[in-house]
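In what follows, chains carry the letters A, B, and so on, assigned in the order in which the sequence lines appear, proteins first and then strands, with residues in each chain numbered from 1.
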Amino acid sequence: MSSRGGSDDEDEGTTRKKLRLSKEQSALLEESFKEHSTLNPKQKNALAKQLGLRPRQVEVWFQNRRARTKLKQTEVDCELLKRCYESLKEENRRLQKELLELRAIKVAPPCVISHDYYMPLPAATLTMCPSCERVATVDNRSLTFAKPGFSHLSQSSAAC
DNA sequence: AATGGAAAGTGGTTTACTTCA
DNA sequence: ACTGAAGTAAACCACTTTCCA
């Protein structure tokens, strides 16, 4: 690894001061990064020549730039996951509440149907999808799931 | 004087290539 | 001639250090 340890960085004799890239240099590097986030040796050398920098400096700039991009993306992903978590927490709260209500309905005395007297069934009874183990509400004629996303269940069988 | 951010250093991993038994 | 192991260089990445505004 020839470029390790700055052996090709020797310049101006004694202590090498850290260089701050000019606006023009940064702009050109940014422009180049937009086109391709990695450089082949030919592109790197050409860009270095154009900028008046050492190829190693161009290489380092691209490495740091990729790292910054990744960091930014990670932060965005983190925010997204936070929001997703909050949303799921809220939905879980709501479903737990719904489950309690449905259990209460299930525990209530069964309906009686006599010849001259019809007592309607409760609006829904509780069942569990055996495949995905989600709770579903079922009435006489059709299967009605509490949440969207249960469409994978057919009406004829309460299984996924 | 303290600090954030960017340039540069360091060490580890991967990949492509060469050499040699 | 073919093949697999070993060595090497280059490039990348993650992490860290240095230094300037």
Side-chain angles (χ1 to χ4, degrees), chain A residues 1-106 124-138 142-160:
Chain A
M1 215 178 263
S2 65
S3 62
R4 277 271 173 88
S7 60
D8 61 343
D9 293 352
E10 307 311 332
D11 59 356
E12 293 98 48
T14 57
T15 50
R16 183 176 51 78
K17 289 290 170 192
K18 192 182 275 185
L19 156 105
R20 207 78 189 177
L21 299 176
S22 69
K23 275 185 181 174
E24 291 74 22
Q25 285 172 322
S26 295
L28 191 52
L29 284 162
E30 279 292 347
E31 209 171 295
S32 181
F33 186 81
K34 270 181 202 163
E35 283 180 38
H36 25 239
S37 61
T38 55
L39 295 174
N40 62 39
K42 221 175 185 177
Q43 292 171 322
K44 182 170 71 180
N45 286 325
L47 193 54
K49 197 172 178 184
Q50 193 178 352
L51 291 162
L53 296 171
R54 293 181 295 278
R56 168 69 182 158
Q57 287 178 293
V58 174
E59 184 184 315
V60 165
W61 187 92
F62 269 74
Q63 274 179 18
N64 287 325
R65 184 66 178 75
R66 282 193 293 270
R68 286 195 289 272
T69 301
K70 191 174 182 183
L71 179 64
K72 214 178 280 178
Q73 187 55 52
T74 302
E75 285 167 357
V76 168
D77 290 347
C78 185
E79 275 309 307
L80 211 65
L81 283 170
K82 272 187 200 165
R83 266 185 281 157
C84 190
Y85 167 70
E86 287 305 324
S87 159
L88 285 170
K89 210 163 76 174
E90 178 54 36
E91 189 182 357
N92 186 43
R93 239 196 313 268
R94 196 183 56 70
L95 288 172
Q96 290 288 346
K97 192 179 162 206
E98 192 177 317
L99 185 58
L100 284 178
E101 289 168 4
L102 291 169
R103 278 190 178 138
I105 292 170
K106 202 184 179 187
T125 53
L126 196 64
T127 188
M128 184 84 84
C129 169
S131 165
C132 69
E133 298 192 342
R134 289 190 191 183
V135 177
T137 56
V138 178
S142 65
L143 203 55
T144 310
F145 288 92
K147 283 292 293 175
F150 286 96
S151 53
H152 59 298
L153 287 168
S154 73
Q155 288 202 343
S156 55
S157 78
C160 299

Provide, to the nearest angstrom, the distance between the [atom1] atom belonging to [X] and the [atom2] atom belonging to [N].
X	N	atom1	atom2	answer
E30(A)	dA6(B)	CD	C1'	12 Å
L51(A)	dA7(B)	CG	P	12 Å
W61(A)	dC12(C)	CH2	P	14 Å
N45(A)	dA10(C)	CG	P	12 Å
F33(A)	dC12(C)	CZ	C1'	13 Å
L39(A)	dA11(C)	CG	P	11 Å
L21(A)	dA8(B)	CG	C1'	11 Å
E59(A)	dA11(C)	CD	C1'	7 Å

Checking contacts here: which listed nucleotide ([options]) is nearest the side-chain heavy atoms of [X]?
X	options	result
R56(A)	dT10(B), dC12(C), dG5(B)	dT10(B)
Q57(A)	dA8(B), dA6(B), dA11(C)	dA8(B)
P41(A)	dA11(C), dC12(C), dA8(B)	dA11(C)

(request) Check the angle between the aromatic planes of F62(A) and F33(A) and answer parallel, tilted or perpendicular using the 30° and 60° thresholds. (result) tilted

(request) Taking only heavy atoms on the protein side, list every residue of residues 64-77 of chain A lying under 4.0 Å from any atom of DNA chain C, sorted numerically. (result) R66(A), K70(A)

(message) Taking the basic N atoms (NZ, or NE/NH1/NH2) and the acidic carboxylate oxygens, is any pair closer than 4.0 Å for R65(A) and E30(A)?
(response) yes

(request) Taking only Lys NZ, Arg NE, NH1 and NH2, and the carboxylate oxygens of Asp or Glu, determine whether E31(A) and K34(A) approach each other closer than 4.0 Å. (result) no

(request) Tell me, please, which residues at least two apart from R68(A) pass salt bridge (charged side-chain N to carboxylate O under 4.0 Å, His left out). (result) none

Name each donor-acceptor pair under 3.5 Å that joins a side chain in residues 80-89 of chain A to protein atoms two or more places apart or in another chain, with its distance.
unit_1	atom_1	unit_2	atom_2	d
K82(A)	NZ	E79(A)	OE2	3.4

(message) A side-chain contact here means heavy atoms from C-beta on lying under 4.5 Å apart; do L99(A) and L95(A) qualify?
(response) no

(message) Measuring only between side-chain heavy atoms, which start at C-beta, is L47(A) closer than 4.5 Å to L29(A)?
(response) yes

(request) Determine: side-chain N/O of Q63(A) to OP1/OP2 of dA11(C), distance under 4.0 Å, yes or no. (result) no

